[in-house]
Amino acid sequence: MTALAAVVLCAGKGTRMKSEKAKVLHPILGRPICAYPLKRALELGATSVVPVVGHQAAEVEKSIRAHFPDAPLRFALQKEQRGTADAVKAAQDALKGHDGRVLILYGDVPLLRKETLQALLAAHDAAGGVLAMVSTTLDDPTGYGRVIREAGKVARIVEHKDCTPEQRAVKECNAGIYSVDAAFLWKALAEIKPVNAQGEYYLTDLVEMAAKHGPVGAVDADATETAGVNDKVELAARARVLQQRINEAHMRAGVSIQDPATAYIEEGITIGTDTEIGPSVTLAAGTVVGKNVIIGQGSVLTASHVADGTHIKPYSVLEEARVGDRCIIGPFSRLRPGTDLAEDVHLGNFVETKKARIGKGSKANHLTYLGDANIGSGCNIGAGTITCNYDGVNKHLTELGDGVFIGSDSQLVAPVKVGDGGYVGAGSTVTKNVPPGSLAVSRAPQVVKEGWVAAKKARQAKVKAGG
Ligand code: UD1
Ligand code: MG
């Protein structure tokens with residue numbers, strides 16, 4: 001197989017976005033626009049991928065690196081935007097020594113599918129020339145480069161502004177996506193001159209040069225795939241298409257999605273069969289959901305694992321949390337990073353957890369904060385329990401054994417331990433360890449004053465009459 005490298009053009013400003021942020025960094029389903037073409041190049045097995053950056057180069061590079069921490073990326077800088085050929089040329093140094101093919105992609109075209117790029121590479125093989133391209137047929141081709149064919153074969157591309165009236169009538173357009181033999185590419189780029197209506201270095205000039213070396217392969221792609229993003233209306237439209245594509249794939253694989261228009265499932269999320277996703281649910285950042293799970297309306301799961309048979313009730317928020325089989329979570333639970341629940345755990349409304357390991361069958365059903373806690377199995381944690389994990393400087397651990405009962409409205413002042421089967425009476429502030437099987441109560445003894453209310457009223461009446 002021919003070695004593959006990729007160049008992804010990410011240098012543009014995107015004036016029509018009317019934003020302080022570079023165009024390619026605007027998010028679609030949780031990822032910057034340019035992350036999609038970059039991902040596709042990596043999926044195709046590109047051994048080096050060169051994002052060409054320019055406008056806000058440092059920010060764009062930082063964001064791309066954060067999204068692809070382990071990918072074989074080599075950044076190239078295009079200092080000035082002098083045209084698409086100049087942008088690709090900027091990648092030449094980064095690809096020194098690569099003598100296979102170079103895939104050229106646009107950083108602002110997020111919907112191009114892997115299958116289409118595979119078809120492009122296959123068309124390159126089949127034609128046997130030095131270049132293959134993606135074209136797309138548009139009812140209104142205004143603004144696009146036209147694919148000019150001679151005797152049915154691709155001969156050249158002519159930009160809209162350089163077209164004759166006859167050429168303008170052509171509906172087959174250049175999508176701007178190519179597979180090019182590296183040796184030909186660098187040699188041809190050196191020869192391109194900015195002699196055209198826009199005074200730019202046109203990458204499209206390559207096509208005519210390539211046609212002289214052999215047949216140019218062409219793959220026709222649907223316009224929804226090749227569409228770029230130029231403003232925020234298009235951004236939302238592309239996001240909608242991607243959302244639909246992802247949701248349909250999950251539904252075909254056996255996931256129920258109650259309202260696909262409001263389920264926001266990012267690329268690369270795993271969901272088991274017979275899982276039900278409610279309206280307005282977001283599944284983000286590599287979340288993995290098991291089988292027979294119910295995720296209720298309005299829940300947001302980020303980088304979390306949810307095992308089989310669990311029910312996440314509406315409006316729960318999970319971040320870097322692991323939830324075991326058959327748990328019941330929410331409504332309105334918040335599971336923060338480091339939450340790790342065994343099977344059959346119940347966490348109810350307004351329960352917040354952070355770095356909390358909770359054993360099998362334990363329950364905290366109402367109004368509770370469990371932070372920096374190791375909790376055994378079969379525990380019952382009453383309403384309003386709070387682990388006081390922070391002393392203003394450091395975080396400390398709360399450890400509960402198995403079968404512990406914490407009465408409502410208790411504070412566990414960490415570091416503190418309650419041994420197996422220990423009890424804490426409601427309303428206690430626990431500052432000392434509780435040995436296994438013991439009861440700790442720290443509230444003030446109750447005082448009852450019989451007839452106190454009537455006596456108080458009588459005193460008040462007397463003061464009023466006197467004054
Ligand atoms: C280009 C093609 C045109 C094709 C169209 C498809 C050329 C000359 N024309 O036209 O045939 O129909 O795409 O969308 O290639 N970029 C840089 N640096 C530059 C110039 C551009 O990084 O100096 C990036 C842009 O940010 C963008 C992409 O390259 O992502 C395409 O540039 P753009 O100016 O939009 O090209 P078009 O005129 O649309
Ligand atoms: Mg364009």
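Ligands are counted one by one from 1 in listed order, and the atoms in each one are counted from 1 as well. For the numbers below, each heavy atom of this structure counts, side chains included, while hydrogens, waters and symmetry mates do not.
Between Asp86 and Gln78, the side chains place a donor N or O and an acceptor N or O closer than 3.5 Å (distance only, hydrogens not considered). Looking only at atom types and distance, the side chain of Ser135 has a donor-acceptor partner in the side chain of Glu172 under 3.5 Å away. Of the N and O atoms on the side chains of Tyr390 and Asp372, not one donor lies less than 3.5 Å from an acceptor on the other residue. With hydrogens and angles left out, the side-chain atoms of Thr339 and Thr353 include a donor and acceptor closer than 3.5 Å. Side-chain contact annotation: Asn174 with Tyr178, donor-acceptor N/O pair under 3.5 Å present.
Interface of Arg82 with ligand 1, defined as ligand atoms under 4.0 Å from a residue heavy atom, comprises 23 (O). Near Ala175, with a cut-off below 4.0 Å to any heavy atom, the atoms of ligand 1 are 6 (C). Atoms of ligand 1 found under 4.0 Å from any heavy atom of Asp108, numbered from 1 in the order shown, are 27 (C), 30 (O). Listed by atom number, the atoms of ligand 1 under 4.0 Å from Gln81 heavy atoms are 17 (C), 18 (N), 19 (C), 22 (O), 23 (O). Short contacts between ligand 1 and Ala11, defined as distances under 4.0 Å to a heavy atom of the residue, involve ligand atoms 22 (O). Ligand 1 places these atoms under 4.0 Å from at least one heavy atom of Asn174: 2 (C), 3 (C), 4 (C), 5 (C), 6 (C), 11 (O), 12 (O). In the vicinity of Ala87, heavy-atom distances shorter than 4.0 Å reach the ligand 1 atoms 17 (C), 18 (N), 22 (O).
Side-chain atoms of Thr287 come within 3.5 Å of backbone atoms of Ala284 as a donor-acceptor pair (strictly under, hydrogens ignored).
For Thr204, the closest heavy-atom approach to ligand 1 falls below 4.0 Å.
Within a 6.0 Å sphere centred on CG of Asp99, other residues, nucleotides and ligands contribute 12 heavy atoms or fewer.
Nearest to atom 15 (O) of ligand 1 by heavy-atom distance, out of Val24, Val53, Thr84, is Thr84. With Tyr178, Tyr144, Tyr106 as candidates, the residue nearest to atom 13 (O) of ligand 1 on a non-hydrogen basis is Tyr106. Residue nearest to atom 3 (C) of ligand 1, selected from Lys79, Glu159, Glu200: Glu159 (by heavy-atom distance). Closest to atom 24 (C) of ligand 1 by heavy atom, among Leu9, Val8, Ile157, Ile192, is Leu9.
Backbone and side-chain nitrogen or oxygen atoms of Gly176 are examined, and none is located within less than 3.5 angstrom of a nitrogen or oxygen of ligand 1. Inclusion of Gln78 in the set of residues having an N or O under 3.5 Å from an N or O of ligand 1 is warranted. For ligand 1, none of its N or O atoms has an N or O atom of Gln198 under 3.5 Å away.
Residues Val255 and Ile277 have side chains in contact (heavy-atom distance under 4.5 Å, counting atoms from C-beta outward).
We find that Lys161 and Glu159 are not joined by a salt bridge, their nearest charged nitrogen and carboxylate oxygen being 4.0 Å or further apart.
Annotation: His213 is in aromatic contact with Phe184 [ring centroid separation under 6.0 Å].
Of the heavy atoms in Cys173, none comes closer than 4.0 Å to ligand 1.
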